[in-house]
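Below is one structure, written out as structure tokens; comments come after it.
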Amino acid sequence: MKRTVLVTGGCGFIGSNFIHLVLAARPDWQVINLDRLTYAGNLESLRDVADHPAYCFVRGDICDRQLVEDLFAGHGIDTVVHFAAESHVDRSITGPGEFIRTNITGTFTLLEAARQYWAGNSEQCRFLHVSTDEVYGSLGTTGFFTEQTPYDPRSPYSASKAASDHLARAYFHTYGLPVLITNCSNNYGPYQFPEKLIPLVLNNCLQGRPLPVYGDGGNVRDWLYVRDHCEAIVRVVEKGRCGESYNIGGHNEKKNLEVVELLCDMVDAKVGRLPSGEPRRTLITFVADRPGHDRRYAIDAAKIDRELGWTPRYSFEQGMDATVDWYLANRDWMESVMDGSYRQYYEKMYGEIVGGEA
Ligand code: NAD
Ligand code: DAU
């Protein structure tokens, strides 16, 4: 089926992977990418599709009501895939304001524009709100998040995402807006900004810098290769039931320390040890814990499997291998996203363990 899709935040990590996937796999879809190009948005990530006839980029803010309305009317938007967000937990601790603005007000602005533009004619329309498993809070050593798990967000980031989920769900119940919500676990893969654990550690491994592990390194995340997440989103747009939430995850629970050690070993194997002859594990440095650090996330993705037939295609080993190879082959992408503001952020966050070549 033809679709004219407003993708918000398409220059970010998951959005850019999603646009690459859709332009290759859905020739009937037109993609309008609305992105403010914050520090996390990079046109470099979509350079190879910039001139694609089914793709159009608009620089702008999802909180700009007039711009959003003009895009709906001007392009005849019938589908929204809403990625745009402030997405980094650590930044939400040092500066929550922008999270409230973009994640809550921005989502509200998009919902209002869709409600107005689709009024009385929304049968084929879809509004997919991309959310996170962090809205469910933190697990003990057992159990999984299901779609019935009560919301219990514990950081400004997850609280702002929870608020936006509630708004999206309210627009389904109150106005009949065709809303779908996905709650996904930690993604990894190409084009991820090096503030998040995996690309930050990979970058530091390559530069011989210390590898910061928060607390005891025992916090658990459930890792999913980004391509699998993007395929699940396409599936939910095409087959999901409006008003429903779908949890997305890969049953790949790992302690942070395990992930960091694996990355060290993979980089050693692919490019050789450090110039000193030491293995990269020697770079691991335990640092102060993140305030309110959620201990464990783990997704039960049985519903999306049962109802929509989606399961991940990449094992953790395959996904990590593809990811490390991508970062090794795309060091210029990494350089291009690490401008002065990244360096400033890094100094502020990790100043006391900068080390290496920094
Ligand atoms: P990201 O930080 O890499 O990208 C966010 C993008 O949104 C950037 O391109 C940025 O420029 C854009 N943006 C920010 N504020 C904007 C605004 N006001 N107007 C327009 N554009 C704006 O994020 P990501 O990791 O790709 O995450 C995408 C979505 O998926 C987010 O909603 C996040 O909550 C959710 N999610 C992420 C993960 C993960 O592991 N990364 C897991 C589950 C869910
Ligand atoms: O669960 C989904 C969420 O996953 C998404 O909603 C978020 O947008 C995304 O950023 C991610 O959140 P996390 O906080 O889990 O991801 P991050 O990569 O920041 O951290 C992963 C784990 O690694 C976490 O337990 C904190 C730890 N960590 C992180 C960094 C950046 C470290 O130990 N050292 C670090 O330097």
Side-chain angles (χ1 to χ4, degrees), residues 7-18 33-43 45-46 58-64 67-68 81-93 98-99 101-103 105-107 109-110 129-136 138 145 155 157-158 160-161 164-165 182-189 191-201 204 210-224 226 229-230 233 248-249 254-257 259-260 284-290 293-299 337 346 349-350 353:
V7 173
T8 70
C11 298
F13 163 46
I14 307 176
S16 57
N17 277 281
F18 179 77
N33 172 15
L34 172 61
D35 196 298
R36 189 181 174 200
L37 295 182
T38 68
Y39 78 92
N42 293 291
L43 284 175
S45 306
L46 291 163
V58 179
R59 182 172 191 178
D61 191 332
I62 58 167
C63 300
D64 181 343
L67 170 65
V68 172
V81 181
H82 174 33
F83 294 101
E86 287 295 329
S87 71
H88 190 35
V89 173
D90 292 328
R91 288 187 194 249
S92 84
I93 294 167
E98 203 55 35
F99 288 71
R101 199 186 81 86
T102 286
N103 299 2
T105 308
T107 302
T109 307
L110 292 164
H129 173 62
V130 179
S131 190
T132 170
D133 60 357
E134 300 200 8
V135 297
Y136 298 122
S138 181
F145 298 133
S155 73
Y157 163 68
S158 54
S160 67
K161 291 298 290 187
S164 64
D165 291 15
T182 53
N183 296 93
C184 189
S185 61
N186 284 62
N187 283 216
Y188 66 99
Y191 302 111
Q192 188 169 28
F193 193 76
E195 64 185 354
K196 307 284 169 68
L197 180 69
I198 287 179
L200 185 143
V201 164
N204 286 15
L211 309 176
V213 174
Y214 297 164
D216 65 359
N219 298 64
V220 172
R221 297 292 181 264
D222 182 355
W223 294 97
L224 182 69
V226 63
H229 184 192
C230 293
I233 288 172
I248 303 172
K254 306 283 173 206
K255 289 185 177 154
N256 291 338
L257 187 57
V259 172
V260 175
I284 291 174
T285 307
F286 291 92
V287 299
D289 209 353
R290 172 186 281 175
H293 195 176
D294 289 341
R295 189 65 181 171
R296 174 173 166 257
Y297 304 144
I299 279 275
V337 303
Y346 195 90
M349 222 15 238
Y350 302 101
I353 61 143

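Note that the coordinates shown come from a computational prediction; the quantities given were computed from them, not determined experimentally. Counting starts at 1 for both ligands and their atoms, in listed order. FYI, side chains are in, hydrogens and waters are out, and symmetry mates aren't considered; it's all heavy atoms of this structure.
Inclusion of Glu86 in the set of residues having an N or O under 3.5 Å from an N or O of ligand 1 is not warranted.
Around ligand 2, the residues contributing at least one heavy atom under 4.0 Å from the ligand are Ser87, His88, Val89, Thr132, Asp133, Glu134, Tyr157, Cys184, Ser185, Asn186, Glu195, Lys196, Leu197, Pro212, Val213, Tyr214, Asn219, Arg221, Asn256, Arg290, His293, Tyr297, Tyr350.
Scanning the protein for heavy atoms near atom 4 (O) of ligand 1, the closest one is Gly12 CA, 3.4 Å. For atom 2 (O) of ligand 1, the nearest non-hydrogen atom of the protein is Ser87 OG, 2.7 Å. In this structure, the protein non-hydrogen atom closest to atom 28 (C) of ligand 1 is Phe83 O, 3.5 Å. Taking atom 9 (O) of ligand 1 as the reference point, the nearest protein heavy-atom neighbour is Asp35 OD2, 2.5 Å. Nearest protein heavy-atom neighbour of atom 44 (C) of ligand 1: Ser131 O, 3.1 Å.
Between the side chains of Tyr350 and Asn204, no donor N or O sits under 3.5 Å from an acceptor N or O. For the residue pair Asp165/Asn183, the side-chain donor-acceptor check at 3.5 Å is satisfied.
With a 4.0 Å heavy-atom cut-off, ligand 1 is reached by the backbone of Ser185 but not by any atom from C-beta on. The proximity of Asn183 to ligand 1, defined as any non-hydrogen pair under 4.0 Å, does not occur for either the backbone or the side chain.
Nearest-heavy-atom check against atom 36 (N) of ligand 1 across Ile62, Val226, Ile14 picks out Ile14.
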